[in-house]
Each structure stands twice: as C-alpha cells, then as structure tokens.
**Student:** 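Mind looking over this structure? Questions follow.
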Amino acid sequence: MSDHAYQQCINPDCQATFAIDEVHIQCPTCDALLDIKYDWNRLPRPMWEIFEHRWMTKGEQNHGRLDFSGVWRFRELLPFYKNHDQIVSIGEGRTNLQDARRLAPVIGLKPGNLHLQYEGLNPTGSFKDNGMTAAFTHAKMVGADKVACASTGNTSASLAMFADMSGMTGIVFIGSGKIAYGKLSQALDYGARTLQISGDFDACLKRVRELTTQAPQLGVYLMNSVNPFRLEGQKSIMYRILEARNWVAPDWIIVPGGNLGNCSAFGKAFMELKELQLIDRIPRLAVIQAKGANPLYTLYTERGIRWNAGHWDKDAKDTLYNEYDRDNTKAKTIASAIEIGRPVNLPKALRALDFMNGVVRQVDDETILEHKALVGRYGFGCEPASAASVAGARLLLEEGIISPDDDVVCILTGHQLKDPDATVKYHTGIDVKSIQTEAPRTEPTGKLANPPIPVANDLAEIITALGGDPAQIQVLQQ
Ligand code: F0G
C-alpha cells in the first residue's frame, strides 16, 4: 500500500516530500515537522460500515489480528504500511466511550451529555499504545532494531512493551524523580534500558534527539510523538469515538496537552475525514494544560499566536522560551505526564486548533486533583494528567463557552493505577515516596478525600464503624 503514502513537510513554504520508508525526525530541508500524506482516491467507500463490521465480528474475519485492534480496524485511514505482515500490534485501542451520567451534572452538563473516552484500557494503560503500534510498524518497515524515547512515563511504558514484543531493544530516557512509579515499573519490567538523567522531560527529549541525529552509527529509531507515524495511530481515538456515537461528531473534544501529539493527531484525523467527506461537522477542540506547564496556553490564549496558514509566529515561541531560560522557569505540576515546557508538536497543535475552532485553557494542580477524585468517584478513574480534561470542561462551562446542552467528550488518557501515589496522598495525606524518610504525615485536605478508617480487629467495632448497632449482634449456634 506504500505507493499511496508519502511524507511531507508541514511548512507551506517548503512542502518537501519524502518516501514513506525514509526515516526523518523533521524536514531535512527546513527543520519543520513532517506529516504522513495519502492518495485517498483509491480508498474503498463507504468505509464506516466496513469498520463497524470488523468491530462486530470481533476479529473473526481474514485479518483477525488487525480487526481486533482498535487502531488497525481503521487501517484504510492510515495506509502507510506495505503489507499486513509488517503491522506490529498487541491488541491496542479496544477502549470505551463511557456515558458519565452521574458526573455530568456535577460539572454542569446535562446527564447524557458527558462522555469519557477511557484510553486507560489499552494494554499498557495509556493512549500511547495507539501511537506506538503505528510507529513500531514503521520501525519494522525500515528494519530498525533499536528504538528510543524520552518520556514522562507512559511513552516509555508503551515503548518498552512493544519493543519486548517485537524483539527490538528499547531505550528510554527519564528525568530523575520525574516519573510516577507505576509507569517506571512497567519500563523496568519489560526490560527496557532505562537511562535516568538529571534533568526534566525537555532535557531528555533534547538528548534522545541528539542521539538519533548525531550518533547514526547506533541506528536508534526515535519513538517520541515528533515521529509522524505515532500520530497516525493516535488518530484512531477519534474514529472510535465517532463509531461509538454512530458517526455523529460531538460538540467538543477535550484533551490534556503536554507534548501536544494527541491534539495534533485529532486535528489531522478530522482534516482527513472532512477531505474524505466521511463527516459533515467538525467538533471543537479544547486543549487543557497544567498551570505549571502551560506554553501552549501562554502562546495561544494569552499572546494570541495562531496557525495563520502555516506562517505562525516562531519569534513569539522563541521569546517565550528565552523568558523561561532567563527566569530559570521549569515545567512543574503534580500531573507529571504533562510536565513539559517545550512541546515539540506546537505547530501541529496550532493547526489542529485552527481547523477545529479550538480553545486552550490552564488548570492548577489542586483543581486537577479534585477532578481526578471526581473521575474516580463517578467514572473509570484516571491518572492526574487525564483529569485536566474534565477540569477544563467544567471551566469552559463556567465561562459559558460550553453550554450545558453541548455534547462533550473528555479524553481520559491514562489509567488510575499509573500513579497510585497521587491517589493515596489525596485520600490519606500519606506521601508514599517519603514513608521511608519518615516525613510527617499531613491530614488530607481534598474535598472528596476518602481515607481508610482504622478499626480494631473486633466485630462490634467493625459494625459500629459501618453505622450499625453492635448490641444486635446475633450469636450463632455452634
Ligand atoms: N496524558 C497522559 C497520561 C500522558 O502520558 C501524556 C503524555 C499526555 C496526557 C499528554 O499528551 O504529549 O500528546 O500532549 N505523556 C508523554 C510521555 C509525554 O512521555 O508519556 P501529549
């Protein structure tokens, strides 16, 4: 199928094209990001019925392994591979659109108008598996045997599992003390070579990019979302939402923003669906950042930077990053997954916001944790970064940008068990990481804090703790 596909620079003044089996991190001519492009004319249609049939038959057809995948059953929408055998799949993307009926009114929406796309159901517990399956497929196409990424945790977990499954060497760069233990444990368990460097995610990404460009003798293939094949896989999150809604777009898609790969992929998905005339209406996009890691918010919302048909203001970005350097500002948030100060996909995110009439908001850590607790109480649960989407929905409702009648889909990007420390700390006040150092315990302050209740190992005490009357204990006949 590769004669349908090629790579193209997104800079409108360049638009250089490259063969699909070349490996580039960015445009070799002008350094801009690359897109994967297709000659759609040869695609069969109508396609929605085909996709749905694959889902209904649960992978019992000719291409069972591919039909089972929530990414590859939409394979006509990412046809960059040459033959089906090249596809590296571990059963990713079988995720749910949950009707969060009880949570909807709590944040100001009508019941039935809030859905949570639960990407925590992926094999490694985050949306990253959607992108990794596509990037590993390309890595296999080009004969790579070593793959690497910088990560705040989930990318490394996903890379590590895919590398292990496909017999490649996985290398992950993580910042010291910057990664939730659930995620670190995955990378270690799957046997990835894990390099912990002093520095944050931005420093790790800089180094791993240097490794792939300045040490070509190592033959390391880059797996971060600057790799355009990653984004091809992440488009499928939008296809699954549409499929679950009978191919009717919601009013809003709300997603947390870190390195901005996901929102970029969503924009590309809708640009292509429009081009293919598979969809009439484009949902609006809201990207939510943590207040302590908010470069997109600063540039887009505060400083008014727009895609501007590809001629966006790069000087404004440089000015902001120079300010960070001057003031020694580092990204800092409890939502460690999105603790990123220099997102590589910024231009594509601006393009997505332009196409989807988007907005960008920021939420502080306390708000993120309160909304994580709400998702735990009324949804499938999620890690802190994911809850930024629900917190953002509420903020936009309060601002009147979203109306209570709107149909809203929030993306829950990662599983609750990814960062149990944050959850335990919220509900109990115990800082798990500091237990060994005997740091003093603080009382939990969260509104939904639900600490365990200490009870004596005694039936009467247990009944009392549960609101019952111990005097009514029935004595059983022996
Ligand atoms: N939510 C979770 C749970 C994440 O792990 C990430 C990114 C994001 C949201 C942000 O997505 O980068 O596409 O804007 N995690 C990366 C990692 C950076 O290394 O795991 P984005």
Side-chain angles (χ1 to χ4, degrees), residues 95 117-122 124-132 135 148-161 172-175 178-180 182-184 186-187 192 194 200-205 208 222-228 230-231 233-235 237 253-268 285-290 293-297 331 333-346 348-350 352-353 360 363 368 372 375 381-392 410-419 422:
T95 60
Q117 176 65 17
Y118 188 50
E119 290 301 310
L121 280 182
N122 270 289
T124 72
S126 87
F127 74 94
K128 303 286 178 181
D129 295 345
N130 296 290
M132 270 319 153
C149 70
S151 182
T152 56
N154 283 323
T155 304
S156 59
S158 185
L159 175 145
M161 183 191 260
V172 306
F173 284 64
I174 57 170
K178 296 287 181 185
I179 174 170
K183 307 173 188 183
L184 178 61
Q186 289 179 289
T194 304
D200 56 11
F201 172 85
D202 298 314
C204 289
L205 186 57
V208 75
L222 186 71
M223 282 290 173
N224 280 100
S225 57
V226 64
N227 176 334
R230 273 269 311 271
L231 305 194
Q234 288 170 216
K235 293 187 307 190
I237 300 171
I253 299 282
I254 308 188
V255 63
N259 220 7
L260 307 179
N262 238 0
C263 59
S264 299
F266 299 171
K268 186 168 189 278
L285 174 69
V287 182
I288 313 300
Q289 294 210 289
N294 63 357
L296 182 67
Y297 174 78
T333 166
I334 185 80
S336 57
I338 51 174
E339 193 177 77
I340 295 174
R342 287 165 163 73
V344 289
N345 286 300
L346 176 66
K348 286 185 177 174
L350 292 174
L353 288 161
V360 181
V363 286
I368 288 176
K372 188 188 115 46
V375 176
C382 64
E383 64 167 284
S386 313
S389 58
V390 178
C410 292
I411 314 296
L412 296 185
T413 46
H415 198 283
Q416 189 184 36
L417 294 177
K418 288 284 191 172
D419 191 356

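Numbering of residues begins at 1 and proceeds along the displayed sequence. In each ligand, atom 1 is the first atom listed, and ligand 1 is the first ligand listed.
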**Student:** Any atoms of ligand 1 less than 4.0 Å from a non-hydrogen atom of Thr155? List them with their elements.
**Tutor:**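 By the 4.0 Å cutoff, the relevant atoms are 16 (C), 17 (C), 19 (O), 20 (O).
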**Student:** Need the ligand 1 atom indices (1-based, order shown) with element for anything under 4.0 Å from a heavy-atom of Asn259.
**Tutor:**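 Atoms satisfying the 4.0 Å criterion: 12 (O), 14 (O), 21 (P).
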**Student:** Report yes or no: does a heavy atom of Val255 sit under 4.0 Å from some atom of ligand 1?
**Tutor:**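 Not so, Val255 does not reach ligand 1.
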**Student:** Holding to salt bridge (Lys or Arg N to Asp or Glu O under 4.0 Å), I want the full list of residues that pass it with Lys128, two or more places apart in sequence or in another chain.
**Tutor:**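 By the salt bridge (Lys or Arg N to Asp or Glu O under 4.0 Å) rule, Lys128 matches no residue at all.
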**Student:** Quick one: which ligand 1 atoms are inside 4.0 Å of a heavy atom on Gly153?
**Tutor:**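 Numbered from 1, ligand 1 contributes 19 (O), 20 (O).
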**Student:** Gln234 versus ligand 1: do any nitrogen or oxygen atoms come within less than 3.5 Å of each other?
**Tutor:**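 Checking ligand 1 against Gln234, no N or O pair falls under 3.5 Å apart.
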**Student:** Ignoring angles and geometry beyond distance, decide whether Gly258 reaches within less than 3.5 Å of ligand 1 through its nitrogen or oxygen atoms.
**Tutor:**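 Between Gly258 and ligand 1, an N or O pair is found under 3.5 Å apart.
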**Student:** Closer than 4.0 Å to some heavy atom of Asn262 - which atoms of ligand 1 meet that?
**Tutor:**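 In order of numbering, the contacting atoms are 13 (O).
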**Student:** With heavy atoms of Gly261 as the reference, note each atom of ligand 1 found under 4.0 Å away.
**Tutor:**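 Atoms satisfying the 4.0 Å criterion: 13 (O), 14 (O), 21 (P).
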**Student:** Can a donor-acceptor pair be found between the side chains of Ser158 and Asp129 at a distance below 3.5 Å?
**Tutor:**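 Yes, Asp129 and Ser158 have a side-chain donor paired with an acceptor closer than 3.5 Å.
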**Student:** Is Ser386 in polar range of ligand 1, meaning some N or O pair under 3.5 Å apart?
**Tutor:**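 Checking ligand 1 against Ser386, no N or O pair falls under 3.5 Å apart.
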**Student:** Can you report which non-hydrogen protein atom sits closest to atom 7 (C) of ligand 1, along with the distance?
**Tutor:**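 Going by distance alone, atom 7 (C) of ligand 1 is nearest to Lys128 NZ, 3.0 Å.
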**Student:** Would you mind listing every side-chain hydrogen bond (donor to acceptor under 3.5 Å, both in side chains) that reaches into residues 333-344, with sequence neighbours excluded?
**Tutor:**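 For residues 333-344: Lys178-Glu339, Asp325-Arg342, Thr333-Asp365.
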**Student:** Just heavy atoms, cut-off under 4.0 Å: does Ile338 contact ligand 1 by side chain, backbone, both, or neither?
**Tutor:**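 Near ligand 1, Ile338 shows its side chain, while the N, CA, C and O stay back.
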**Student:** Checking contacts here: is it the side chain or the backbone of Asn345 that comes within 4.0 Å of ligand 1, counting heavy atoms only? Could be both or neither.
**Tutor:**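 Asn345 to ligand 1: no contact under 4.0 Å from either part.
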**Student:** Under 3.5 Å, N or O to N or O, is Thr413 touching ligand 1 that way?
**Tutor:**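 Thr413 vs ligand 1: N/O contact under 3.5 Å present.
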**Student:** Under 4.0 Å, heavy-atom basis, I'd like to know which part of Lys183 is in contact with ligand 1: side chain, backbone, both or neither.
**Tutor:**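 Under 4.0 Å from ligand 1, Lys183 contributes no heavy atoms.
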**Student:** Please identify which atoms of ligand 1 are closer than 4.0 Å to at least one heavy atom of Ala337.
**Tutor:**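 Close to Ala337: 2 (C), 3 (C), 4 (C), 5 (O), 6 (C), 7 (C), 15 (N), 18 (C).
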**Student:** Does Ile340 reach ligand 1 with a nitrogen or oxygen that is under 3.5 Å from one of the ligand's nitrogen or oxygen atoms?
**Tutor:**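 For ligand 1, there is no N or O atom that lies under 3.5 Å from one belonging to Ile340.
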**Student:** If you compare all heavy atoms of Ile338 against all heavy atoms of Ala385, which two are closest, and at what distance to 0.1 Å?
**Tutor:**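 Closest approach of Ile338 to Ala385: CG1-CB, 3.9 Å.
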**Student:** Suppose I only count heavy atoms of Asn154 and a 4.0 Å limit; which atoms of ligand 1 are within that range?
**Tutor:**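 Going through ligand 1 atom by atom, the ones under 4.0 Å from Asn154 are 2 (C), 3 (C), 4 (C), 5 (O), 20 (O).
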**Student:** Look at ligand 1 and say whether Ser126 reaches it with a heavy atom at a distance under 4.0 Å.
**Tutor:**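 Outside the 4.0 Å threshold, so no.
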**Student:** Does Gly257 come within less than 4.0 Å of ligand 1, judged by its heavy atoms?
**Tutor:**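 Distance cut 4.0 Å: Gly257 passes for ligand 1.
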**Student:** For Ser151, take its heavy atoms, then give the atoms of ligand 1 lying under 4.0 Å from any of them.
**Tutor:**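 Listed by number with element, the hits are 17 (C), 19 (O), 20 (O).
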